[in-house]
Amino acid sequence: MSYDFKKIENKWQKRWEEKKVFSAKENPKKKKFYCLDMFPYPSGTGLHMGHAFVFTLGDIFARFKRMQGFNVLYPIGYDALGLPAENAAIKVGIHPEEYTKKSIANFMKQQKAMGWSYDWSRMINTSTQEYYKWDQWLFLQMMKKGLAYRKKAPVNFCKKCDTVLANEQVVNGKCWRHDDTEVEIKNLEQWFFKTTNYAGELLKCLDNLDWPERAKTMQRNWIGKSEGAEILFEIEGKKYPIFTTRPDTLFGVTFLVVSAQHSELANFVKQKQKKDVENFLKKIKSTKREEVEKLDKEGVFSGSFAIHPLTKEKIPVWIGNFVLAEYGSGIVMAVPAHDQRDLEFAKKYKLPIKQVIRKEKAPVRSYLMGASKIKDSDLINLEIKIIEKTKDGDFKIEIPKTRLKDYEKLITEKMDDGFWNEYLGEEIVFIFKFNSGKIKRLILNDDTEEEVDKLAHDFMKESKWNKSCVWKWLAENSFYTDLIVHTDFGILVNSDEFNGLFSEEAKEHIVKALEAKKFGRKVTQYKLRDWLVSRQRYWGTPIPIVYCDKCGIVPVPEKDLPVKLPNNVKFGKGNPLATNEKWINVKCPRCGKFGRRETDTMDTFVNSSWYYLRYADPRNDKKIFETKKANYWAPVDMYIGGPEHITAHLIYARFYTKFLADLGLIKFREPALRYFTQGLVRGSDGEKMSKSKGNVVEPLETINKFGADSLRLYLVSNSSSDRDFDWSEKEIQNSFNFTSKVCDYFANFKAGKSDARVDNKLNRTIKEVASYAEDFAHNLAVIKIRNLFSYFYDKEIDKKTAESFLKMLHIYCPFVTEEIWENLGNKEFISIAEWPKCDEKKINEKFEKEEKAVEQLVGDINNILKIIKEKQKSAKKIFIYSLPNEKEMFSENLDFISKKLNLNVKIFAVNDKNKYDPEKKSSKAKPGKPAIYVE
RNA sequence: GCGGGUAUGCCGGAGUGGUCAAACGGGCUGGAUUAAGGCUCCAGUAGCUUAGUGCUUGCGAAGGUUCGAUCCCUUCUACCCGCACCA
């Protein structure tokens, strides 16, 4: 039963490595496929089950594509620079470099044990100077293009550490090392990358990517595009731009609020209010970070007034704690009547509230056309106001919301009178859009429905209008004979010439009016911020900059790269790099006089933003990579990695790719065309695996127990790979049993002849497995493979069937299949064998039906046997009476049936005169369902 | 608050306009094997009914579209995830 998986797995690990089976070479004649797993952070604890899962998914895909004949690049590397390594190293008291080396060696051992088919010759390690040299080179290129710059910014700072912290090091507003120390926000000079330059493109290109919808949405939210207007308000003689998404509420502005962190705050504060403002600012500064979110809206009057760009009214300028300095211009126009936050503020400080949009009272408008059976009086009784009545008898009406139901009833009643019959066949549509948003079609002509739907859909997509506008527009274009306009956004009031407009329309009109007077324009804002890349940490890429008293910020010349991380530093307080004076003191590359190196290093995400390109040409010491090679392999065709990277790594990688394309180094603009996020492997208790919960299962431990093949098989046979699942010892045992059974079967395998049924099953399986594997539905693919196996388990099969089966199983269980493959007499590796082709001609629906009929029959017989048993009778013989034309079908499976039942089975055609049928059961036979007699 | 997702047996999960809801696995029950346990094998696992082929219930809840819906539409509920004082 059991097999020596340790021996087999060791043997093939070695052979694959020796023969360099998985090393990739450019070949313009062959279609490439770039399959990539997000490279791991080599921690000292080694691989965890999550790694095992995600890399197995990648390996399966790489093997699958390789066998399908693609020229597959499947590389691996280590994202070795970063905070955790530095801290772990400090904890154990060794140098981060040593720590990292050890971790990587440990990782490699385990990765090989898992049977992952990496091209080890392309391995990269971001902590080597050969790699980070190019991080520095890219930094210089960004500087040239103005994409890397230095500015003052608010950052997290821990007093006790005396250093700036990464966001990851801030836990609940406190330093992760000192949970009694609040993180302070300090304004410090930092290096940034101008990711915002690409905000629009980053957003737009998402549409064409084959990524999970969730990932795309998250990125869209992160980039956070909002369209609105920038409106100029004059404050104390100077014009300030203010961003709003609701220019339609411009007439409702009753005050402005300036961020307490606004750089020009002092300009707004009048002498009289100075003290109040100072007190207020003090109070804000003393509030703790974690409390900020729960804070009430608070503010103080600045003493200044702004001038409304259209009405020229005087509007008080306040200072508020809820306005972000970094978003928009740091000043907001407050419309308390139509914004919850502004309303709170206005109520608190008794500021005026001016309604400019009639929402509650806005009636529902309807265009009632061809309503010949409806009288004016019917409508008036329902408090429906007739705005207009045309010659043709059409109504333009306003219905109070309270009477909507009655109106609906009226229309329905009139229609029951045959109201709409006369319109049948004339492409007339009756559509109601109710308050709830529900759309009810009373009658439609098929062609029209499609046309109108498409029209409405397209229209909404193209325009920035909301639904109500679309419906109104449609009504005006007479596509609908009856239409209720649902006023989601209300109608403008108290807004001079804009009164009566739908708010969506008003946005455009008002912006146009502002543009004409040069008081504003249409703009687009993004939430995406520039990327802060400076870190006051040792284990990162040194920023290639020298500060010179005379020349200022001087980039290190390209020829002097890399700026190496000095080995001799003291860990402990502050930035370790600052402790090596020898390294810091350097001649200014420009003037040759005294200069000092930048001691900040780059964020670890810098290293991972372009690594996928380095794999294309990993040993190049002249260039970052050969453009030709990069263009051959990249972009990544299949990228696999956890969802936690969606808003950081994947944004950065996309940004880098666009930048590199603009440099002319590559000809594509997206790093990964397809992206898959795997689920989480939880402990058997359904909780996340963690040491403290004691539910951790280590891959290596499992490999020792069941072998890598069984672990791999188990990991993917659970559910769809993008879902979380709980570890189960029982089920991995099950996978192990299967692997063992396959080994046993092939231990004594002798090729024979396959019959048409086996051929049918095989080809069907080939077809299904390929499509499942392509979609990461490995659970289903595995089921099909197992079904095939149990189907031929006790049958004679030919060599081709056996080999096809092994090939399909190979992507899941690479080791055993190599072993069996060799035992069958193959000289080449199964790893590079050709994926089986499906012969459609051999798929026969008849067999499937037959199989079902036989199974049904067995089920029926079992049922009878059960009942008999309950009656304390015993059964020895089974007689089956099928319709004459079906006799062959069942008799062919007679062996199978009697084996299943473990009883003697005889079959007769119902018209067989010599049949044994003492109870005349044969008369019960039906097509596909033979009669049964049990004795 | 905004956005996205999910909802199927005891559990993990298939299926998706009809001809089959629950494939496959786990659990549980019974049986075979065994000294016993494990492994393995066989059968059963919504209800009723009958020596099987029948009927009913049923895919979170309620409506709707359809000749027909677990699947499409609307609303609601629950859970998960992401973002969030973003103007």
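So that the names make sense, note that chain A is the first sequence line, chain B the second, and so on, each numbered from 1.
- Salt bridge status for K507(A) with E227(A): absent, with no side-chain N to carboxylate O gap under 4.0 Å.
- A gap of 47 Å separates the P atoms of A69(B) and C85(B), to the nearest Å.
- On the C1' atoms, U74(B) is 16 Å away from U66(B), given to the nearest whole Å.
- Partner assigned to C72(B) is G64(B), using Watson-Crick or G-U wobble distances below 3.5 angstrom.
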Per-nucleotide protein contact string for nucleotides 22-28 of chain B (B base, S sugar-phosphate only, - none; heavy atom under 4.0 Å): -BSSSS-
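- The gap from the C1' atom of G68(B) to that of U53(B) amounts to 24 Å, rounded to the nearest Å.
- The side chain of K741(A) places an N or O atom within less than 4.0 Å of a non-bridging phosphate oxygen (OP1 or OP2) of C41(B).
- Between F879(A) and Y916(A), the ring centre distance stays below 6.0 Å.
- Taking atom P in both C11(B) and U65(B), one finds a spacing of 34 Å when rounded to whole Å.
- A salt bridge between K347(A) and D342(A) is absent, with no side-chain N of the basic residue lying under 4.0 Å from a carboxylate O of the acidic one.
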Between the protein and nucleotides 3-7 of chain B, list every N/O to N/O distance that falls short of 3.5 Å.
none

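- Taking the P atom of each, C39(B) and U29(B) are spaced 13 Å apart, rounded to whole Å.
- For K283(A) and E298(A), the salt-bridge test passes: some basic side-chain N is under 4.0 Å from an acidic carboxylate O.
- C10(B) and G5(B) have their C1' atoms separated by 26 Å, with the value rounded to a whole Å.
- A cation-pi arrangement, defined by a distance under 6.0 Å to the six-membered ring centre and an angle within 45 degrees of its axis, is present between R786(A) and F738(A).
- Taking atom C1' on both G26(B) and G13(B), the two are 10 Å apart, rounded to the nearest angstrom.
- The base-pairing partner of C79(B), taking Watson-Crick or G-U wobble contacts with both distances under 3.5 Å, is G5(B).
- Going from the C1' atom of U8(B) to that of A43(B) covers 25 Å, rounded to whole Å.
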